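Read through the structure below, which is laid out as C-alpha cells, and then see the notes.
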Amino acid sequence: MNVEELKSFLDEKVILYNNPDFIDTDPIQIPHRYTLKEDIEIAGFLASTIAWGNRKMIINSANKMMDLMGNSPYDFVMNHNEDHLDNLEGFVHRTFNSTDLATFMQALQNIYKNHGGLEMLFAKHQNADGMQQSISEFKKVFFEIAHQSRTQKHVSDPLNGSAAKRINMFLRWMVRNDNAGVDLGIWNKISPSLLSCPLDVHSGNVARKLGLLNRKQNDAKALKELDTQLRQLDPKDPVKYDFALFGLGVFEGF
C-alpha cells in the first residue's frame, strides 16, 4: 500500500473500532462509570496502571480497586487514613499489590493537594515533541513521598527507554475527545497532537506488518518511530490510530 491507501485503510479501521461497543471489553469502562472530573481521572489512572495481561482480569481487578475505595476514588484519595489503607490489604493484580496501591493513594493525595492535580502536573512539562518529558517529570513528583522501591516499576519513565504504554493510554483517555463516546476528553490543557500511541505487542506487530515500524523492540525508540509515522497520517489526532492497530491485532488477528 502507498501512503494514501494506508491512511484510507487505517481510517476505516478507526471508524470501525472507535465506537461505544469498544468500551464493553476495555478497561476504559472504569473511568466511564464516573461523572466528577477527579473521579474520572483517578479511576482512569489506576485502571491504566494495571492494564497488562488478560483484559477481563484487568477489568475485574480495577473494579475491585474501585470497590475498596467505596466507589468514590477522589474522596478516598483526599480523605483516607491509615485504617482505610489497611483495608486495601490483600489486593493484588499480578505484581501490583496492596503496598503499591496504598503508595498510589498517598502519591495521588500529594499531587492533588500540592501540585494542582493530575492534569496540571502532566500539562506542566509538555513540549513540542510530545509528552515523554512530561511523563518522566510526573514520575519524579509521584515518588517524592516516602515509598518502597518496588512500587517505582509501576510508573514508567520514557527517558529511561520505556514505551510507557499504560501512561500513554491513560493520556489518550483523558486528552482525546473523539466525539464517539470512547475516549473521555476531559482535559483541555494538552493537545491531542502531542499524544503517543500506547505501544504494546498487538499494536507493535501490526505496525511492523504495515511498514509503520521497523524497530523490533517495543521501547521508547520504537515509539518515537511510530509517532513520526502516525503524525504524518494525522498531525492533529495521531493517536486515533491506536484503535486501528489494536483492533487489527486483537480482533482480526492481522
Side-chain angles (χ1 to χ4, degrees), residues 14 17-18 22-23 25-31 41 43-59 61-62 65 93-96 100 104 118 122 126 129-139 142 151-176 178 182-184 187 190 192 194-210 212-231 237-251 254:
V14 171
Y17 292 114
N18 189 182
F22 182 87
I23 298 172
T25 59
D26 194 81
I28 199 173
Q29 67 182 260
I30 305 301
E41 54 197 19
F45 180 71
L46 293 172
S48 63
T49 293
I50 62 166
W52 81 99
N54 178 278
R55 296 168 86 210
K56 186 176 181 179
M57 186 170 75
I58 294 166
I59 293 166
S61 293
M65 277 197 290
H93 176 84
R94 301 185 70 142
T95 63
F96 188 91
D100 303 317
F104 269 53
L118 283 168
F122 274 107
Q126 62 183 310
D129 294 328
M131 296 299 297
Q132 309 317 306
Q133 179 70 42
S134 181
I135 295 171
S136 182
E137 295 295 332
F138 167 79
K139 181 170 184 175
F142 195 84
T151 305
Q152 292 187 29
K153 67 176 178 286
H154 294 297
V155 180
S156 299
D157 185 348
L159 300 191
N160 284 336
S162 171
K165 173 248 181 177
R166 287 168 285 164
I167 292 186
N168 281 313
M169 182 172 69
F170 167 68
L171 291 174
R172 194 201 85 203
W173 293 354
M174 296 299 107
V175 173
R176 185 173 176 269
D178 59 16
V182 183
D183 287 331
L184 294 124
W187 288 1
I190 300 168
L194 300 179
L195 298 178
S196 292
C197 184
L199 179 60
D200 64 7
V201 63
H202 302 294
S203 56
N205 287 344
V206 172
R208 290 181 187 94
K209 290 178 181 177
L210 292 172
L212 292 167
L213 181 59
N214 291 313
R215 187 170 173 81
K216 298 293 188 285
Q217 302 100 309
N218 291 325
D219 57 9
K221 290 182 179 179
L223 184 63
K224 185 174 181 60
E225 182 184 345
L226 181 59
D227 280 348
T228 300
Q229 295 290 336
L230 297 182
R231 286 168 182 169
D237 188 19
V239 80
K240 74 181 184 184
Y241 293 113
D242 180 39
F243 286 96
L245 299 177
F246 184 81
L248 283 165
V250 172
F251 301 119
F254 185 85

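Just so it is clear, the model here is predicted, and its values are computed rather than measured.
A pairwise comparison of heavy atoms in A220 and S162 identifies CB-O, 3.4 Å as the closest pair. Closest approach of Q133 and L159 over heavy atoms only: OE1-CD1, 3.5 Å. The two residues P27 and A47 have their closest heavy-atom pair at O-CB, 4.2 Å. The minimum heavy-atom distance between L230 and C197, with the atom names listed, is CD1-CB, 4.0 Å. The two residues V206 and L245 have their closest heavy-atom pair at CG2-O, 3.5 Å. F170 and S48 make their closest contact through CB-OG, 3.3 Å (heavy atoms, listed as atom of the first residue, atom of the second, distance).
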Steps toward side-chain contact (heavy atoms from CB on, under 4.5 Å) verdict (D242, V14):
CA-CA 8 Å; D242 180 39; V14 171; over 6 Å; no
Evaluate the criterion ring pair (Phe, Tyr, Trp, His ring centres under 6.0 Å) for residue pair Y17 and F251; output intermediate values, then yes/no.
CA-CA 10 Å; Y17 292 114; F251 301 119; 5.5 Å; yes
Could you walk me through whether D200 and N218 pass side-chain contact (heavy atoms from CB on, under 4.5 Å), step by step?
CA-CA 7 Å; D200 64 7; N218 291 325; 5.9 Å; no
Using the rule given for side-chain contact (heavy atoms from CB on, under 4.5 Å), can you reason through H154 versus T95, listing the C-alpha separation, both sets of side-chain angles and the distance that settles it, and then say yes or no?
CA-CA 9 Å; H154 294 297; T95 63; 3.3 Å; yes
Please determine whether side-chain contact (heavy atoms from CB on, under 4.5 Å) holds for the pair D237 and V239, giving the CA-CA distance in whole Å, both sets of side-chain angles, and the decisive distance to 0.1 Å.
CA-CA 6 Å; D237 188 19; V239 80; 4.2 Å; yes
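The residues D183 and R172 are annotated as salt-bridged, a charged nitrogen and a carboxylate oxygen being separated by less than 4.0 angstrom. Between K240 and D178 no salt bridge is recorded (no basic side-chain N to carboxylate O distance below 4.0 Å). At a threshold of 4.0 Å, the pair K221-D219 does not count as salt-bridged, since none of the basic side-chain nitrogens sits closer than that to a carboxylate oxygen.
Inspection of the R94 and N54 side chains reveals no N or O donor paired with an N or O acceptor under 3.5 Å. In summary, the side chains of D227 and S196 do present a donor paired with an acceptor at a separation below 3.5 Å, with no hydrogens or angles considered. Side-chain contact, E225 with Q229: no donor N or O sits under 3.5 Å from an acceptor N or O.
Checked by atom type and distance alone, the side chain of N168 never pairs as donor or acceptor with a backbone atom of L199 at under 3.5 Å. Between the side chain of D26 and the main chain of F22, no donor-acceptor pair closer than 3.5 Å is present. Using a distance-only test at 3.5 Å, with no hydrogens or angles considered, no donor-acceptor pair links the side chain of K139 to the main chain of S134. Under the 3.5 Å distance criterion, the side-chain polar atoms of R166 are matched with a main-chain donor or acceptor of T49. No side-chain donor-acceptor contact under 3.5 Å links R215 to the backbone of L223.
Other residues, nucleotides and ligands contribute more than 12 heavy atoms inside 6.0 Å of the NZ atom of K153.
Between I30 and M65 the shortest side-chain heavy-atom distance does not fall below 4.5 Å. Residues F254 and L210 have side chains in contact (heavy-atom distance under 4.5 Å, counting atoms from C-beta outward). Side-chain contact between N18 and R176 is present, with heavy atoms from C-beta onward closer than 4.5 Å. In this structure, H93 and W52 have side chains that are in contact, with non-hydrogen atoms separated by less than 4.5 Å.
Among F122, W187, F138, W173, the single residue meeting the ring pair (Phe, Tyr, Trp, His ring centres under 6.0 Å) criterion with F45 is F138.
The aromatic rings of F142 and F104 sit perpendicular, their planes meeting at an angle over 60°, well past the 30° parallel limit.
The OG atom of S61 lies 12.5 Å from the NZ atom of K56; values are rounded to the nearest 0.5 Å. The CZ atom of R208 sits 4.5 Å away from atom CG of L213, with the distance rounded to the nearest 0.5 Å. Interatomic distance, M169 CE to L195 CG, rounded to the nearest 0.5 Å: 13.0 Å. The OG1 atom of T25 sits 6.5 Å away from atom CD1 of I59, with the distance rounded to the nearest 0.5 Å. Atom OG1 of T228 and atom CG of L212 lie 11.0 Å apart (nearest 0.5 Å). Taken from OG in S203 to OH in Y241, the straight-line distance is 15.0 Å, to the nearest 0.5 Å.
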